[in-house]
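What follows is a short report on a single structure.
Keep in mind it's a predicted model, so treat the numbers as computed, not measured. Numbering of ligands and ligand atoms starts at 1, following listing order. Below, all heavy atoms of this structure are taken into account, side chains as well, without hydrogens, waters or symmetry copies.
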Amino acid sequence: MRYAILSDIHGNLEALEACCAELRADDDVLCLGDVVGYGPNPNECARLLRERDTRCVLGNHDVAAIDNFGVEYFNPIARRAIVWTQGVIDDETRRWLGSLDYEMRVGDFLMVHGSPERYFEYILDDAAAARAFGASDAPLIFIGHSHIAECYVLNAQGRITHQSLTQGGEIVLDPECRYIVNVGSVGQPRDFNPAASFGFYEPELRLVRVLRVPYEIERVQRKIHACSLPEQLAQRLTLGR
Ligand code: ZN
């Protein structure tokens, strides 16, 4: 049994395809939201996830794309991109996104886009991680949202430690500890590694793995230009930030 956990795809089909090339046919595919927004292929990404029977929770860009929720919190570049996305998403994508929930419990783990405390809260430090652990009883919580691959560990003494996963890496889960794992972003990494990021979880082995997968960034950048999406969205893919 192996779960493949994707997040923050953001309409980047080339990055999604590169990650999917790492999957086995029998992987159970899960997604932590932000399928759309920023990138040039929102419908194609949503379709590819549906073809893989992906179970997915909502991200803030997904909600903004289908009903304009929260757009006032977007910066001007994100707002321009979400207006473009609202104009191009088709009925199938809209219906599928509209059918998704904000959280999902699968076995011993919880999936949310940002945090179990507030779904679109960022977990960027130990204090936010502590609040998130307090808001859920799940021993393992998978998140995205910040586009930074990393892990927070809460041990039996209540102490939180942090592990960076920006170059990928493995975590063997200790039954005495709880974990918040950010699998990073498939389509717009912001942890200074431009390679697409996603995770695997194998419950029998108690093993979480984060992989970094290079993909053809220039191809996506050409599409971003052709769609007249903001230039900064193309540049940041090269920088990984
Ligand atoms: Zn995102």
> By atom name, which N, O or S atom of Asp8 is the nearest to the Zn ion (ligand 1)?
Replying inline: OD1

> For the Zn ion (ligand 1), what is the closest N, O or S atom on Asp34?
Replying inline: OD2

> Which pair of heavy atoms, one from Ala132 and one from Ser115, lies closest together, and at what distance?
Replying inline: CB-OG, 3.7 Å

> Where is the tightest heavy-atom contact between Asn43 and Asp90, given as atom of each residue plus distance?
Replying inline: OD1-N, 2.9 Å

> Can an N, O or S atom be found in His147 less than 2.8 Å away from the Zn ion (ligand 1)?
Replying inline: yes

>> When you measure from the Zn ion (ligand 1) to the N, O or S atoms of His10, does any of those distances fall below 2.8 Å?
In response: yes

>> Is there a side-chain contact between Leu140 and Tyr201 in this structure, where contact means two heavy atoms from C-beta onward sitting under 4.5 Å apart?
In response: yes

> With a 4.5 Å heavy-atom cut-off, do Glu121 and His145 have their side chains touching?
Replying inline: no

